Amino acid sequence: MGAPAQSLPTRILPAEEAMDEAVRLLASGEPVAVPTETVYGLAADATNGDALARIFEAKNRPRFNPLIAHVSSMAMAERVGVFDPLSRQLAERFWPGPLTLVVAVRENTLHPLCLAGLSTVGLRMPQGFTRELIERFGRPLAAPSANPSGALSPTTAKAAYDGLQGRIPLVVDGGPGTVGVESTILKVEEGAIRLLRPGGLSVEEIESAVGLPVQRAAPNAAIEAPGMMLSHYAPNAAMRLDATEARANETLLGFAGTPGAALDLSPSGDLREAARNLFSFLKKLDAEGASTIAVAPIPMAGLGEAINDRLARAAAPRH
Ligand code: TXA
Ligand code: MG
């Protein structure tokens, strides 16, 4: 207990060359950082307790926080989780993609460390390299974001490497995430769709696809996605939100052409572009030594809900 993580050399391999090595490492119980359309994930065999323990150690992640299990097909998802008709409809419409569905877990399928004691599991089918990797591996991969617990999620291989080097053997470089914020987490209960975490799939898109309202939690409701602690996704700099100009010693992160901004999340006011840029721009301003990052107001529509959620967490009091 408490021993510092063993330092080991961390390689970065381009996705085109990494498949065999990634499969080999996963099969031997090692965690591997992998690209997804949302953020980079730190993946390990979701049925292997030792492999899962390595994820928690590498990230220094609290064990009460369950992991999302990633699947490559609906058949694999149904082997692990119990799908009601509405959850199945959502999966068929939006997978592969930036959506996680919380469903009842089937017993003796995933290791308990993946579930943190819950009787439900968060399932997601990612796009691209990682979906192919799961298909090759043949079992679900648990993967939280590939960052030390509490830090900004990585949207590039370099960012994943910077956070976890010396703690994992391999980062697979699949280029920057096309969505840039983590998946939207939904749970269907008694025929109603509940939003557990806003993310890369907007509520508007979900509502228009299924013709049902998505219910948001009341502001003071108990935390239902156990990872949704208030302070999270934090840069080193202090944060001030809804800023219309930079005060002394502040660096301004703009949106839609904010005058005087050091960086602009989307000069044209495109919320998808802003989501893609959010974590890498915060990291860049942090690396440049900003003491306070002042962020321009971001509209709440579409992906603005996820962006504002992450900004509020980045700005929350730290512990
Ligand atoms: O886009 C994403 O979702 C990325 C990529 C790598 O897939 N993953 C990700 O994982 O963001 P992580 O561990 O950083 O966030 C997972 C969230 C946590 O807040 C966790 O508490 C919640 O999902 N979660 C997992 N299983 C759950 C369950 N059974 N019920 C409620 N929340 C759950
Ligand atoms: Mg995370």
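Source: prediction; values computed, not measured. As the structure lists them, so they are numbered: ligands from 1, and atoms in each ligand from 1.
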TODO: Look at S145 and state whether any of its N, O or S atoms is less than 2.8 Å from the Mg ion (ligand 2).
DONE: yes

So if I count the atoms of ligand 1 from 1 in the order they appear, which ones are less than 4.0 Å from some heavy atom of [X]?
{"X": "H70", "answer": "5 (C), 7 (O)"}
{"X": "T120", "answer": "28 (C), 29 (N), 30 (N)"}
{"X": "L118", "answer": "28 (C), 29 (N), 30 (N)"}
{"X": "P144", "answer": "10 (O), 12 (P), 13 (O)"}
{"X": "N65", "answer": "18 (C), 20 (C), 21 (O)"}
{"X": "A143", "answer": "6 (C), 8 (N), 10 (O)"}
{"X": "I185", "answer": "17 (C), 22 (C), 23 (O)"}

Task: Closest approach of F255 to P297 (non-hydrogen atoms, all atoms of both residues) - done: CD2-O, 4.0 Å

Ligand 1 contact on [X] by region, counting heavy-atom pairs under 4.0 Å:
{"X": "R61", "value": "side chain"}
{"X": "S183", "value": "both"}
{"X": "T38", "value": "side chain"}

Task: T100, any N or O under 3.5 Å of ligand 1 N or O - done: no

- [ ] Would you check whether E182 has a nitrogen or oxygen atom less than 3.5 angstrom from a nitrogen or oxygen atom of ligand 1?
- [x] no

Have [X] and [Y] got a donor and an acceptor in their side chains that come within less than 3.5 Å?
{"X": "T36", "Y": "T130", "value": "no"}
{"X": "E135", "Y": "S72", "value": "no"}
{"X": "D270", "Y": "S268", "value": "no"}
{"X": "T38", "Y": "R124", "value": "yes"}

- [ ] Report yes or no: does a heavy atom of R197 sit under 4.0 Å from some atom of ligand 1?
- [x] yes

[X] vs [Y] side-chain heavy atoms within contact, under 4.5 Å:
{"X": "L25", "Y": "V32", "result": "yes"}
{"X": "H70", "Y": "P140", "result": "no"}
{"X": "P198", "Y": "V203", "result": "no"}
{"X": "E182", "Y": "R197", "result": "yes"}

